[in-house]
Amino acid sequence: MRIATWNVNSIKTRLDLLTRWLKEAEPDVVCLQEIKCVDDAFPRTAIEDLGYNVVVHGQKTYNGVALLSRLALEDVTIGLPGDDADDQARFVEAVVSIPGRAVRVAGIYLPNGNPAPGPKYDYKLAWMERLRAHAAERLRLEEPYVIAGDYNVIPAAQDARRPEAWVEDALFRPDTRAAWRRLMALGFTEAVRACDDADGVYTFWDYQAGAWQKNDGIRIDHLLLSPQAADALLTTRIDKHVRAWERPSDHVPAIADFAFG
DNA sequence: ATGCCATAAACATTATGA
């Protein structure tokens with residue numbers, strides 16, 4: 001089973017690239033972030049025609065996440081539990097059924113948090129704590145569980161070409177990394193780092209200042225695996241070449257292959 | 001300290017992103 005995550009930065013603008021990439025990469029499950037449209041505006045038919053079931057948690061203009069799956073999606077959770085007043089579309093979760101087994105997959109768009117400090121940063125840290133609480137509950141099920149998405153977290157200096165440029169940023173501040181470590185300490189394995197400890201593994205390059213041309217990137221898109229999912233992990237891949245396509249997203253797909261299914 | 005670029009909508013400036 002191949003599970004991928006990709007922040008497309010508008011599904012409407014990126015539909016042709018998404019279609020091209022789905023045919024090329026042949027993922028079984030895809031977590032999309034920043035679709036930037038309401039549910040009814042999502043290009044559902046175009047994606048269903050490629051053989052995917054679709055669950056959308058959309059929002060006008062900002063945020064928005066979706067799950068695509070070749071297999072049935074069941075037991076859907078829309079929105080991150082823990083705060084009924086939070087109306088930002090950043091979390092969608094479902095069970096992907098395979099014969100004799102089930103894998104639960106959550107797609108997340110974790111808040112950016114800039115400028116920091118400030119209310120947006122407070123929201124980011126609160127959201128990370130809610131994610132930790134929800135993840136702890138899911139881990140008690142002792143099942144294969146994958147939380148994939150745009151975490152807006154640079155876990156370590158190794159994950160940035162110029163870490164010194166990010167020390168005051170919400171993606172890399174000490175409180176952000178501490179919250180990341182509290183999440184990981186529940187027992188998760190980050191798939192990409194588990195398979196490759198090299199420097200220079202990035203998933204995002206800013207549109208500005210020639211970041212892509214200079215390979216001035218950061219690694220902020222992650223796949224967190226429960227122990228039962230980590231046991232089945234085979235390989236990972238970053239589809240970096242997609243960043244060089246015409247009118248690209250500033251993020252590229254991150255992919256993990258598993259032995260189940 | 002700001003813009004550098006990209007997106008959507010408030011439509012020609014603003015909010016947001018990272």
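Every chain is numbered from 1, with letters handed out A, B, ... down the list of sequences.
- Within the 4.0 Å cut-off from OP1 or OP2 of B:dT7, not a single side-chain nitrogen or oxygen of A:N9 is found.
- Comparing B:dA12 with B:dA8, their C1' atoms are spaced 13 Å from each other, to the whole Å.
- Distance from the side chain of A:D150 is smallest to B:dA18 among B:dA18, B:dA9, B:dG17.
- Spacing between atom CZ of A:F204 and atom C1' of B:dC5 amounts to 10 Å, rounded to whole angstrom units.
- B:dA18 atom C1' lies 16 Å from atom CD of A:E164, rounded to whole Å.
- The side chain of A:R247 contributes an N or O atom lying less than 4.0 Å from OP1 or OP2 of B:dT7.
- Taking atom P on both B:dA1 and B:dA10, the two are 33 Å apart, rounded to the nearest angstrom.
- Distances were taken from every side-chain heavy atom of A:A209 (C-beta onward) to each of B:dG17, B:dC4, B:dA15; the shortest belongs to B:dC4.
- Comparing B:dC11 with B:dT7, their C1' atoms are spaced 13 Å from each other, to the whole Å.
- Ring-centre distance between A:Y207 and A:W212: not below the 6.0 Å cut-off.
- A:K120 comes within contact range of the sugar-phosphate backbone alone, with a heavy-atom separation under 4.0 Å but no base atom that close.
- Proximity of A:N112 to the phosphate of B:dG17: no side-chain N or O atom is located under 4.0 Å from OP1 or OP2.
- Counting heavy atoms from C-beta outward, A:R130 and A:D83 have side chains that approach closer than 4.5 Å.
- Distance from the side chain of A:I218 is smallest for B:dA18 among the nucleotides B:dA18, B:dC4, B:dT16.
- The shortest non-hydrogen separation linking A:A136 to A:L186 is N-CD1, 3.8 Å.
- Residue A:T61 has its side chain nearest to B:dA8 when only B:dC5, B:dA8, B:dA18 are considered.
- Side-chain nitrogen and oxygen atoms of A:H251 include none within less than 4.0 Å of the OP1 or OP2 phosphate oxygen of B:dG17.
- Ranked by how close their nearest DNA chain B nucleotide is to the 5' end, A:P248 and A:K60 are led by A:P248.
- Phosphate proximity of B:dA8 to A:S10: present, with a side-chain N or O under 4.0 Å from OP1 or OP2.
- The residue A:Y109 sits close only to the backbone: its heavy atoms come under 4.0 Å of sugar-phosphate atoms, none of a base.
- If A:G113 and A:I35 are placed on DNA chain B by their nearest nucleotide, the residue sitting closer to the 5' end is A:I35.
- Remark: A:R161 is not positioned above the aromatic ring of A:Y202, lacking an NZ or CZ atom under 6.0 angstrom from the ring centre and at most 45 degrees off the axis.
- Proximity of the aromatic rings of A:W21 and A:W245 is defined here by a centroid distance below 6.0 angstrom, and this criterion is not met.
- At B:dA18, one or more side-chain N or O atoms of A:N7 fall inside 4.0 Å of OP1 or OP2 (strictly under the cut-off).
- Nucleic acid contact for A:N152: sugar-phosphate only, since backbone atoms but no base atoms lie under 4.0 Å from a heavy atom of the residue.
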